Enquirer: 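If you scroll down you'll find the structure; I have some questions about it.
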Amino acid sequence: MLKMATWNVNSLRVRLPQVLEWLATERPDVLAIQETKLPDADFPLADIETAGYRAIYSGQKTYNGVATLMRAEPREVERDLPGLEDPQRRIVGATIGDLRVLNVYVPNGESVGSAKYQYKLEWIEQLRSYLVEQLAIHPRLIVLGDFNVAPEDRDVHDPKAWEGQVLFSGPERAAFRGLLATGLSDAFRLVNQNAGEFSWWDYRMNAFRRNLGLRIDHILVSAETARTVRTCRIERAWRQRERPSDHAPVVAEFEQ
DNA sequence: ATGGTTGCAACGCAA
């Protein structure tokens with residue numbers, strides 16, 4: 001079984017001990033991390049390598065930043081979204097074995113109608129055209145990360161209250177469906193049809209304790225890869241820990 | 001009810 005995961009860690013500096021413990025416990029083949037919030041010069045490569053992993057990363061000071069940790073040697077590494085001049089570090093891609101793996105941190109969007117919301121929609125559209133190109137080259141494609149979009153009512157604790165709000169607005173959900181329309185499937189929904197399974201809970205208002213969450217972290221797989229998905233789960237327990245990220249890891253297992 | 005919490009970095013900004 002090949003095991004791949006995504007986790008928005010909200011500062012790799014703060015969460016490094018949890019990431020190392022998580023790697024030791026789960027032993028995944030690939031872990032995609034978002035919101036590292038540190039420049040490449042400060043990336044804790046030695047700790048990652050001691051844990052038995054290689055790493056590729058694209059970071060910046062204070063905000064954003066992505067890293068992919070893996071056992072195998074990465075090839076054809078890319079750190080930019082083609083066609084978008086963007087100082088924000090939000091994507092890192094690599095070929096790992098016979099899989100093409102894209103790790104993404106989609107913009108949050110702040111609020112509907114804001115400049116950041118517009119940037120979010122443009123970023124997703126740019127990602128969509130890139131996926132069309134990538135799928136033509138790599139039939140075994142996996143796109144995983146923090147998409148900052150809850151696709152459906154069952155991915156939101158209170159869809160009526162969230163209707164029209166950022167992370168769940170119509171245009172964001174339509175943009176997300178556009179990503180799927182390139183030929184990708186949501187790995188979680190291939191194996192789990194439950195409502196009320198979330199990957200992110202706000203730090204405020206005791207949202208986790210009350211399970212006021214959204215499912216916004218996803219593992220999208222091409223048709224050829226979808227056939228091999230065996231499990232996909234959200235590891236809520238890591239959101240319950242002392243000093244947690246506001247996101248839980250999402251893990252998928254594939255038959256080799 | 002426009003709140004509240006966390007991380008970064010220095011105080012407001014982003015999420």
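Chain A is the first sequence line, chain B the second, and so forth, proteins listed ahead of strands; every chain is numbered from 1. All values reported here derive from a predicted model rather than from experimental measurement.
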Enquirer: Kindly say if A:R15 contacts the phosphate of B:dG7, meaning a side-chain N or O under 4.0 Å from OP1 or OP2.
Expert: yes
Enquirer: Look at A:K61 and B:dC8 and indicate whether a side-chain polar atom (N or O) is within less than 4.0 Å of OP1 or OP2.
Expert: no
Enquirer: For B:dC8, take OP1 and OP2 only and decide whether either is under 4.0 Å from a side-chain N or O of A:S11.
Expert: yes
Enquirer: How are the rings of A:H218 and A:F147 set relative to one another: parallel (under 30°), tilted (30 to 60°) or perpendicular (over 60°)?
Expert: tilted
Enquirer: Measure the distance from CD on A:Q165 to P on B:dT2 and round it to the nearest whole Å.
Expert: 15 Å
Enquirer: Please assess A:R154 against A:Q193 for the test side-chain hydrogen bond (donor to acceptor under 3.5 Å, both in side chains), listing each intermediate value before the final yes or no.
Expert: CA-CA 9 Å; A:R154 58 183 170 166; A:Q193 304 310 319; 3.0 Å; yes
Enquirer: Can you tell me how far C1' in B:dA9 sits from the matching atom in B:dA15, rounded to whole Å?
Expert: 16 Å
Enquirer: Between A:K160 and A:E163, does at least one N-O distance fall below 4.0 Å, as a salt bridge requires?
Expert: no
Enquirer: For B:dG4 and B:dC8, measure between their P atoms and round to the nearest Å.
Expert: 22 Å
Enquirer: Please give, in whole Å, the distance from B:dC8 C1' to A:E35 CD?
Expert: 11 Å
Enquirer: Starting from C1' on B:dA15, measure out to NZ on A:K120 and report it in whole angstrom.
Expert: 11 Å
Enquirer: If each of A:T36 and A:N148 is mapped to the nucleotide of DNA chain B with the nearest heavy atom, which maps nearer the 5' terminus, i.e. the 5' end?
Expert: A:T36
Enquirer: Which nucleotide sits closest to the side chain of A:R243: B:dG7, B:dG4, B:dC8?
Expert: B:dG7
Enquirer: Could you state the atom-to-atom distance from CG of A:N206 to P of B:dG4 in whole Å?
Expert: 13 Å
Enquirer: When the P atoms of B:dT2 and B:dG7 are considered, how many whole Å apart are they?
Expert: 26 Å
Enquirer: Rounding to an integer number of Å, can you tell me how far A:R239 CZ sits from B:dT5 P?
Expert: 13 Å
Enquirer: Using Watson-Crick or G-U wobble geometry with both distances under 3.5 Å, which nucleotide pairs with B:dG12?
Expert: B:dC8
Enquirer: Tell me the interatomic distance from A:K37, atom NZ, to B:dA15, atom C1', rounded to whole angstroms.
Expert: 7 Å
Enquirer: Round to a whole Å and report the spacing from CG of A:D246 to P of B:dC8.
Expert: 12 Å
Enquirer: Evaluate the ring planes of A:Y57 and A:F43, with Trp represented by its six-membered ring, and classify them as parallel (under 30°), tilted (30 to 60°) or perpendicular (over 60°).
Expert: parallel
Enquirer: Verify whether one side chain among A:R89 and A:N64 offers a donor that lies under 3.5 Å from an acceptor in the other.
Expert: no
Enquirer: Scan A:F208 against the nucleic acid and name what it touches under 4.0 Å (heavy atoms): base, sugar-phosphate only, or nothing.
Expert: nothing
Enquirer: Assign A:E110 to base, sugar-phosphate, or nothing according to its heavy-atom contacts below 4.0 angstrom with the strands shown.
Expert: nothing
Enquirer: In whole Å, what separates the P atom of B:dC13 from that of B:dG3?
Expert: 14 Å
Enquirer: Let me know the distance between NE2 of A:H247 and P of B:dT6, rounded to the nearest Å.
Expert: 14 Å
Enquirer: DNA chain B: A:V14 or A:M205, which has the more 5' nearest nucleotide?
Expert: A:M205
